Amino acid sequence: MVRTRFAPSPTGYLHIGGVRTALFNWLFSRKHGGQFLLRIDDTDQERNVEAALAPILHGFRWLGLDWDEGPEVGGPHAPYYQSQRLPRYQDAARKLLAAGLAYRDFATPDELRLERETAEAEKRPFIYSRRWMAETDAQAKSFEGQGRQGVVRLKMPREGKLLIPDLVRGDVEFDWAREQDHVIQRADGTCLYHLASVVDDFDFEISHVIRAEEHLSNTPRQIFIAQSLGYPLPEYAHLPYVAEPGSKNKLSKRKIAAYLKNPDFKKVYDHGQGIATALGLTTSAETFNPVIVDFYEQVGYLPDAILNYLVLLGWSLDDKAEFFSRDEMIANFSLERVGKSPASFDPKKLWSFEDKYMQDLPTKQKVPKLIPYLQQAGFLPKPVPCEVGPRLAQIVEAAGNRIKTFGDILSFTSFLTADDQIKYDEAAFDKAIRAPGAVELLTNYRTQLATVEPYEVPRLETFSQEFIAAEGKKIGELVHPLRVALTGQGVGLGLFDTLAILGRESSMRRIELAIYKAATVGRGSVT
RNA sequence: GGCCUGUUCGUCUAGCGGUUGAGGAUGCCGGUUUUUCAAGCCGGAGACAGGGGUUCGAGUCCCCUACGGGCUACCA
């Protein structure tokens with residue numbers, strides 16, 4: 001049975017690189033008909049774990065990465081919180097001690113530091129002398145008599161080599177002699193990460209440890225612990241890290257300010273920020289930032305698009321395939337085809353996947369997703385009136401690929417406001433409506449619009465063409481002022497779609513209003 | 001410093017000694033379409049980090065250098 005796990009720390013946010021690691025674990029387990037679990041690495045934080053975990057679990061659910069065991073779903077190996085498993089780790093430490101594969105150590109921090117500095121000064125690698133090692137109770141008593149406090153250290157081999165077969169990187173060789181006698185249990189009895197991690201992976205019957213490459217160097221000490229405890233070894237696969245946009249430096253959520261100098265990153269960020277503002281969200285760099293998954297949910301990206309982008313970040317099937325449904329990802333994923341080199345996070349390429357996926361999403365699936373955005377921004381009441389659905393469908397159809405994230409619907413809210421509540425884009429108004437002849441043209445157009453039959457897109461188009469020909473003008477001279485009059489904005493949907501969606505009455509009222517404003521309100525103060 | 005690890009177009013990647021005058025995607029540039037914007041369509045520029053080997057032949061194997069990343073904690 002293949003069992004994989006992802007082990008987040010409860011930090012309050014889900015990092016895009018972490019999602020990639022989780023995704024690979026999830027895909028691998030699903031591909032082999034196995035199970036995927038979540039384990040919480042909270043050995044360090046005592047405070048508010050539940051609150052800090054909630055956004056992470058929420059992110060997993062939003063992305064559709066389900067877990068078979070872990071927080072909120074439980075499972076046969078509960079608890080899945082490291083902070084609640086201390087007795088297991090202490091038990092393991094006792095066994096290691098009893099087998100002579102670990103020892104109690106009474107060195108003070110200062111003594112250790114001195115050894116380390118001496119080694120450094122002599123330009124030789126530091127290896128602890130084990131001078132304050134206590135292998136018998138008598139020795140321990142004697143050290144304790146001096147007021148010293150004991151920790152438990154691994155008694156690492158000091159010769160020989162270790163070969164780690166890694167499913168991504170091939171065989172990796174380490175010298176045991178370079179490994180430190182790591183502390184596995186503190187003087188206060190609490191245990192450290194490496195011990196906890198190995199014990200949990202065994203207890204949870206993890207078959208494949210798929211994790212970030214920063215753990216590759218940690219693997220020898222973990223293998224030592226596992227072997228010393230008589231555990232079977234899992235398979236290992238170390239994934240390359242996710243790098244910054246446009247560079248090979250590791251991606252970090254703390255460096256957004258620097259990333260914003262990257263035009264592509266900034267474009268994606270600004271787009272999201274615009275939607276957040278329209279929604280009235282208070283955003284903080286902690287969570288509202290393209291490095292954090294929350295960002296994409298709030299702006300209204302499609303989880304499938306994000307997953308498709310991420311699966312290609314370090315994995316590929318061949319030289320052609322780029323679009324994968326969830327099932328296709330599962331069917332095709334393999335660790336053998338995971339790359340060894342770091343991959344830069346490119347928000348612009350993610351954007352292109354989002355664009356494509358949104359284009360493929362049928363209107364009737366888009367509409368219900370759009371409604372919460374319109375409600376949040378105050379354009380729709382909470383129980384939605386039933387006539388809104390068809391109207392939104394009409395807008396969505398006309399908007400076509402202009403809606404790239406669900407939040408983009410907020411660019412088309414002029415269809416949902418009262419005719420006299422239109423907000424004009426000043427520059428567009430001044431340029432189009434105050435253009436020479438524009439008001440006169442709009443006046444004539446409005447008059448004739450009253451009798452156009454049927455009031456539908458094809459007829460509106462031919463009517464407009466005929467009208468403009470009769471006036472001896474070019475179509476652009478009508479289109480631009482008319483669009484501003486109808487929507488308040490210089491850019492928008494196709495003009496005939498706009499007329500049709502608004503309907504005859506609204507269209508005429510809006511044209512009248514624009515004409516009136518042009519006559520009565522000065523430049524730069526229409527709104 | 002020591003050890004481990006990585007390096008093909010700006011970016012994601014294909015390539016597992018010869019079929020490669022290095023393929024695809026994204027981005028960029030140009031053209032086309034057009035009522036704006038977006039999309040679409042057509043075309044273009046763009047890479048094997050550097051240096052040594054091995055071989056009849058190297059992006060593909062080996063070594064060195066440079067530059068990333070990790071570990072070297074009583075962090076995870």
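We name chains A, B, ... by the order of the sequence lines, and we start the count at 1 in each one. No experiment lies behind these values; they were computed from the predicted model shown.
- At a threshold of 4.0 angstrom between heavy atoms, the contacts of A:Val491 include nucleobase atoms, whether or not backbone atoms are also involved.
- Between A:Asn249 and B:G69 there is a side-chain N or O to OP1 or OP2 distance below 4.0 Å.
- With a cut-off of 3.5 Å on both Watson-Crick or G-U wobble distances, the partner of B:C61 is given as B:G53.
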Next item on the list: Heavy atoms under 4.0 Å is the rule here; annotate nucleotides 5-13 of chain B 5' to 3' with B where the base is hit, S where only the sugar-phosphate is, and - elsewhere.
Entry: SSS--BSBS
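- If you measure from atom NZ of A:Lys161 to atom C1' of B:C3, you get 11 Å, rounded to the nearest angstrom.
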Item checked: Base-contact (B) and sugar-phosphate-only (S) positions in nucleotides 39-51 of chain B, heavy-atom cut-off under 4.0 Å, - elsewhere -> S------------
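- Counting to the nearest Å, the P atom of B:C3 and the NE2 atom of A:His215 are 23 Å from each other.
- Judged by distance alone with a 3.5 Å cut-off, a donor-acceptor contact links the side chain of A:His194 to the base of B:A76.
- At least one side-chain nitrogen or oxygen of A:Arg116 sits closer than 4.0 Å to the OP1 or OP2 atom of B:A73.
- Of the candidate nucleotides B:G23, B:A76, B:U35, B:G23 has the atom lying nearest to any side-chain atom of A:Lys320.
- In a base pair of the Watson-Crick type (N1 to N3 plus N6-O4 or O6-N4) or a G-U wobble (N1-O2 and O6-N3), with each distance short of 3.5 Å, B:A38 is matched with no nucleotide.
- Using a distance-only test at 3.5 Å, with no hydrogens or angles considered, a donor-acceptor pair links the side chain of A:Thr462 to the main chain of A:Arg459.
- When Watson-Crick and G-U wobble pairs are counted only if both distances are under 3.5 Å, B:C9 pairs with no nucleotide at all.
- For A:Arg178, the side-chain atoms get nearest to B:G2 when compared with the rest of B:G2, B:U35, B:C4.
- A donor-acceptor contact closer than 3.5 angstrom links the side chains of A:Glu115 and A:Ser129.
- For the residue pair A:Ser9 and A:Asp41, no side-chain donor N or O sits within less than 3.5 Å of a side-chain acceptor on the partner.
- Inspection of the A:Gln359 and A:Asp355 side chains reveals an N or O donor paired with an N or O acceptor under 3.5 Å.
- Between A:Arg153 and B:C74 there is a side-chain polar atom (N or O) within less than 4.0 angstrom of OP1 or OP2.
- Shown here, B:U33 forms no base pair; nothing in the strands shown gives a Watson-Crick or G-U wobble contact with both key distances under 3.5 Å.
- Residue pairs meeting the salt bridge (Lys or Arg N to Asp or Glu O under 4.0 Å) criterion with at least one partner in residues 434-443 of chain A, sequence neighbours excluded, are A:Asp430-A:Arg434.
- A donor-acceptor pair shorter than 3.5 Å cannot be found between the side chains of A:Thr190 and A:Tyr89.
- A:Phe174 comes within 4.0 angstrom of the backbone, heavy atoms only, and of no base.
- Between the side chain of A:Arg402 and the base of B:U36, at least one donor-acceptor pair of N or O atoms lies under 3.5 Å.
- Without hydrogens or angle criteria, A:Glu122 side chain to A:Ala119 main chain gives no donor-acceptor distance under 3.5 Å.
- Sorted by first then second residue, the ring pair (Phe, Tyr, Trp, His ring centres under 6.0 Å) pairs that include residues 177-198 of chain A, not counting sequence neighbours, are A:Tyr193-A:His215.
- One N or O donor and one acceptor, one from the side chain of A:Arg483 and one from the base of B:U35, sit under 3.5 Å apart.
- Each of A:Arg186 and A:Gly492 was assigned the nucleotide of RNA chain B with the nearest heavy atom; the assignment lying further toward the 5' end belongs to A:Gly492.
- With rounding to whole Å, A:Asn218 atom CG is found 18 Å from B:C3 atom P.
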Give every donor-acceptor pair under 3.5 Å between a side-chain atom in residues 233-248 of chain A and any protein atom, sequence neighbours left out.
{"residue": "A:His238", "atom": "ND1", "partner": "A:Asp166", "partner atom": "OD2", "Å": "2.7"}
{"residue": "A:His238", "atom": "NE2", "partner": "A:Arg211", "partner atom": "NH1", "Å": "3.1"}
{"residue": "A:His238", "atom": "NE2", "partner": "A:Thr219", "partner atom": "OG1", "Å": "3.4"}
{"residue": "A:Tyr241", "atom": "OH", "partner": "A:Lys248", "partner atom": "O", "Å": "2.6"}
{"residue": "A:Glu244", "atom": "OE1", "partner": "A:Ser247", "partner atom": "OG", "Å": "3.1"}
{"residue": "A:Glu244", "atom": "OE2", "partner": "A:Lys255", "partner atom": "NZ", "Å": "2.6"}
{"residue": "A:Glu244", "atom": "OE2", "partner": "A:Tyr259", "partner atom": "OH", "Å": "3.4"}
{"residue": "A:Ser247", "atom": "OG", "partner": "A:Asn249", "partner atom": "N", "Å": "2.9"}
{"residue": "A:Lys248", "atom": "NZ", "partner": "A:Pro342", "partner atom": "O", "Å": "3.2"}

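- Under the Watson-Crick and G-U wobble criteria, each requiring two contacts below 3.5 Å, nucleotide B:C28 is paired to B:G44.
- Checked by atom type, the side-chain pair A:Ser464/A:Tyr445 shows a donor-acceptor distance below 3.5 Å.
- Listed nucleotides: B:A73, B:G70, B:C74. Nearest to the side chain of A:Ser217: B:G70.
- Position along RNA chain B of the nearest nucleotide to A:Thr108 versus A:Phe353 favours A:Phe353 as the more 5'-ward residue.
- Note: CZ (A:Phe106) to C1' (B:C74) measures 14 Å, nearest angstrom.
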Donor-acceptor pairs under 3.5 angstrom involving side-chain atoms of residues 153-165 of chain A: please list them, not counting sequence neighbours.
{"residue": "A:Arg153", "atom": "NE", "partner": "A:Asp105", "partner atom": "OD2", "Å": "3.0"}
{"residue": "A:Arg153", "atom": "NH1", "partner": "A:Asp181", "partner atom": "O", "Å": "2.7"}
{"residue": "A:Lys155", "atom": "NZ", "partner": "A:Glu135", "partner atom": "OE2", "Å": "2.7"}
{"residue": "A:Arg158", "atom": "NH1", "partner": "A:Tyr128", "partner atom": "O", "Å": "3.3"}
{"residue": "A:Arg158", "atom": "NH2", "partner": "A:Tyr128", "partner atom": "O", "Å": "2.9"}
{"residue": "A:Arg158", "atom": "NH2", "partner": "A:Asp181", "partner atom": "OD2", "Å": "3.3"}
{"residue": "A:Lys161", "atom": "NZ", "partner": "A:Asp175", "partner atom": "OD1", "Å": "2.6"}

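- Distance CZ (A:Phe126) to P (B:G2): 17 Å, rounded to an integer number of Å.
- Pairing of B:C3, defined by two Watson-Crick or G-U wobble distances under 3.5 Å, is identified with B:G70.
- Between B:A47 and B:U8, the distance separating the two C1' atoms is 6 Å to the nearest Å.
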